[in-house]
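Please read all numbers here as calculations on a predicted model, not as lab measurements. Note that the numbering runs from 1 along the sequence shown for the chain.
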Amino acid sequence: MRIGAAQAIREIGLPPVGADKRKYDLEVYASIVERLDNFFLWRQDHWALEKVELEKQVQEWNDALEQYCDEEDIHGDEREQVIRLNEATPFAPSPIQLVQKLKPK
């Protein structure tokens, strides 16, 4: 399933989810998905996960990102940029928090 999902990401992209406005590098994103033991798409909906599962997925995603950089021989400033743009973090705001910030006061 993850190989099919990675192929679909490369061919049709990612649908917008919530307030996530990042421009994902589809090749990097698909390559990470291919490396995950437990297939999931890292998007804005991660905030609803239990803390233990969230921490596990953050680690698995970022390990797969490091593996991608190693296998593609990406180093130095380019590696830092790829990691900065594609790393997972449990500290991203939830869509609810973003909507509340946008409401007029």
Side-chain angles (χ1 to χ4, degrees):
M1 182 168 153
R2 66 182 178 196
I3 301 301
Q7 182 178 350
I9 290 167
R10 287 184 178 101
E11 292 174 5
I12 61 175
L14 293 166
V17 174
D20 193 353
K21 302 293 187 226
R22 283 195 284 181
K23 299 291 184 201
Y24 291 97
D25 180 323
L26 297 180
E27 181 58 36
V28 174
Y29 197 102
S31 296
I32 292 169
V33 167
E34 288 175 331
R35 290 168 171 78
L36 298 175
D37 291 332
N38 299 305
F39 169 76
F40 62 91
L41 296 178
W42 187 265
R43 302 298 298 275
Q44 273 306 94
D45 57 351
H46 71 275
W47 62 272
L49 297 174
E50 295 292 327
K51 182 179 179 184
V52 172
E53 183 64 21
L54 176 61
E55 290 172 345
K56 178 182 169 190
Q57 287 192 353
V58 166
Q59 186 65 50
E60 186 176 353
W61 183 271
N62 290 336
D63 288 348
L65 176 57
E66 290 283 346
Q67 185 181 34
Y68 167 79
C69 289
D70 290 343
E71 290 175 8
E72 295 298 317
D73 201 29
I74 300 171
H75 300 285
D77 292 341
E78 181 184 7
R79 184 184 188 105
E80 287 178 27
Q81 182 177 6
V82 168
I83 289 173
R84 187 180 75 252
L85 293 174
N86 296 283
E87 70 184 337
T89 175
F91 303 112
S94 76
I96 294 169
Q97 292 169 324
L98 292 172
V99 168
Q100 289 172 346
K101 287 182 181 180
L102 297 174
K103 284 183 182 177
K105 295 183 180 182

Candidates Arg10, Glu72, Gln67 - the one meeting side chain to side chain donor-acceptor pair (under 3.5 Å) with Ser31: Arg10
Non-hydrogen side-chain atoms of Glu66 and Arg79 separated by less than 4.5 Å: yes
Qualifying residues under side-chain hydrogen bond (donor to acceptor under 3.5 Å, both in side chains), relative to Asp73, sequence neighbours excluded: His75
Minimum heavy-atom distance Trp61-Asn86, with the two atoms named: NE1-O, 2.9 Å
Interatomic distance, Glu87 atom CD to Asn62 atom CG [nearest 0.5 angstrom]: 6.0 Å
Modelled atom types, side-chain donor and acceptor of Glu53 and Gln57, under 3.5 Å: yes
Close side-chain approach of Leu85 to Asp25, heavy-atom, < 4.5 Å: no
Sub-4.5 Å side-chain heavy-atom contact between Val28 and Leu65: yes
Nearest heavy atoms of Cys69 and Val82, plus distance in Å: SG-CG1, 3.9 Å
Distance-only donor-acceptor check, side chains Asp63 and Gln59, under 3.5 Å: yes
Nearest non-hydrogen partners of Ile9 and Ala30, listed with the distance: CG2-CB, 4.0 Å
Minimum heavy-atom distance between Val58 and Ala88, given as atom pair plus value: CG1-O, 3.8 Å
Between NZ on residue Lys56 and CD on residue Glu60, distance to nearest 0.5 Å: 6.5 Å
